[in-house]
Amino acid sequence: MEDIDMNPAPAPTTTPADRDNEWVRVTSTDGFSYMVKRKIANISGTMRNMLDTESNYSEAITRTCPVAQRGIIVEKMLEYMMFRAHYENVGPREEVPVNEIMERLTPEIVLELLLAADYQEL
């Protein structure tokens with residue numbers, strides 16, 4: 001009986017800071033796949049709920065968020081999320097260069113991107 005450990009070591013725990021640095025995969029309907037840090041993905045309320053480790057959703061287990069949009073829409077949405085995370089702690093005197101992100105959007109995708117952003121709670 002000495003060979004069996006009746007008190008196994010507890011599973012390693014991760015801190016919220018460690019979880020923020022994890023990479024997650026965001027996929028589009030046309031087969032494109034993007035790797036982003038969990039901190040960026042958590043900007044979206046929908047993705048945050050999908051990736052909640054306490055929810056036991058398959059997305060949380062596989063760290064993959066399928067987005068029901070074309071690749072270009074998912075890419076622009078992720079660009080905005082990274083832009084938002086970068087300028088999240090800007091002081092009141094500094095100006096956020098909104099034109100920088102607006103220049104990257106073509107008029108053909110704006111409506112589709114708006115609908116996707118609304119669904120993703122951005």
Side-chain angles (χ1 to χ4, degrees):
M1 287 301 262
E2 291 178 28
D3 293 342
I4 300 173
D5 186 6
M6 299 305 281
N7 297 319
T13 58
T14 57
T15 65
D18 290 341
R19 265 187 247 121
D20 280 348
N21 287 324
E22 285 180 349
W23 291 91
V24 297
R25 182 181 308 273
V26 180
T27 59
S28 67
T29 55
D30 53 358
F32 287 93
S33 179
Y34 306 91
M35 296 294 290
V36 295
K37 293 212 175 185
R38 183 183 292 265
K39 178 182 177 183
I40 302 298
N42 282 343
I43 290 174
S44 161
T46 303
M47 287 187 201
R48 182 175 46 249
N49 291 335
M50 284 179 176
L51 294 169
D52 184 12
T53 54
E54 294 178 11
S55 68
N56 285 331
Y57 288 135
S58 64
E59 292 88 353
I61 295 167
T62 62
R63 286 187 269 177
T64 302
C65 288
V67 177
Q69 297 291 333
R70 298 181 303 141
I72 187 67
I73 302 301
V74 174
E75 181 179 335
K76 294 301 179 182
M77 193 171 55
L78 291 173
E79 279 182 29
Y80 169 73
M81 291 163 65
M82 287 185 276
F83 177 84
R84 186 170 160 185
H86 182 73
Y87 289 104
E88 163 175 82
N89 297 323
V90 172
R93 286 180 254 138
E94 295 181 31
E95 222 178 282
V96 176
V98 177
N99 287 338
E100 180 183 318
I101 195 76
M102 296 300 288
E103 291 171 352
R104 298 179 188 175
L105 302 177
T106 60
E108 296 83 21
I109 67 167
V110 171
L111 183 59
E112 194 175 352
L113 185 59
L114 181 64
L115 293 171
D118 182 52
Y119 180 76
Q120 291 295 327
E121 301 174 21
L122 294 176

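One is the number of the first residue; the rest follow in order along the sequence.
- S28 places none of its side-chain heavy atoms less than 4.5 Å from the side chain of V67.
- Partners of R48 according to the salt bridge (charged side-chain N to carboxylate O under 4.0 Å, His left out) rule, which considers only residues two or more places apart in sequence or in another chain, do not exist here.
- Between M35 atom CE and T64 atom OG1 the span is 8.0 Å, to the nearest 0.5 Å.
- Nearest heavy atoms, I61 versus N56: CD1-O, 4.1 Å.
- Looking at V74 and F32, their side chains never come closer than 4.5 Å, going by heavy atoms from C-beta outward.
- Nearest heavy atom pair, residue N49 against residue S55, reads O-OG, 3.9 Å.
- Both V24 and M77 belong to a common hydrophobic cluster when Ile, Leu, Val, Met, Phe, Trp and Tyr are linked at side-chain heavy-atom distances under 4.5 angstrom.
- Taking CG of L78 as the reference point, atom CE of M81 lies at 5.5 Å (rounded to 0.5 Å).
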Distance-only check: which donor-acceptor pairs under 3.5 Å involve side-chain atoms of residues 111-122, not counting sequence neighbours?
unit_1: E112; atom_1: OE1; unit_2: R70; atom_2: NE; d: 3.4
unit_1: E112; atom_1: OE1; unit_2: R70; atom_2: NH2; d: 2.9
unit_1: E112; atom_1: OE2; unit_2: R70; atom_2: NE; d: 3.1
unit_1: Q120; atom_1: OE1; unit_2: S44; atom_2: OG; d: 2.8

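- The hydrophobic cluster containing M47 also contains Y80, counting ILVMFWY residues as joined when their side-chain heavy atoms lie under 4.5 angstrom apart, directly or transitively.
- Taking each heavy atom of I109 and K76 in turn, the nearest pair found is CD1-CG, 3.8 Å.
- C65 has its side chain within reach of L51: a pair of non-hydrogen atoms, C-beta onward, lies under 4.5 Å apart.
- When all heavy atoms of A68 and T29 are compared, the closest pair comes out as CA-CG2, 3.5 Å.
- You'll find the side chain of W23 reaches within 4.5 Å of the side chain of K37, heavy atoms only.
- Evaluation of the ring pair (Phe, Tyr, Trp, His ring centres under 6.0 Å) rule for F83 yields Y87 as partners, not counting sequence neighbours.
- Closest approach of M82 to I40, counting heavy atoms only: CG-CG2, 3.7 Å.
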**Message:** The test is side-chain contact (heavy atoms from CB on, under 4.5 Å); show your working for E22 and R63 and say whether it passes.
**Reply:** CA-CA 9 Å; E22 285 180 349; R63 286 187 269 177; 3.7 Å; yes
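- When the side chains of ILVMFWY residues are joined at heavy-atom separations under 4.5 Å, either directly or via intervening members, M50 and I73 end up in two distinct hydrophobic clusters.
- No more than 12 heavy-atom neighbours from other residues, nucleotides or ligands sit within 6.0 angstrom of CE on M102.
- Of all the heavy atoms in A60 and D52, the pair that sits closest is CB-O, 3.4 Å.
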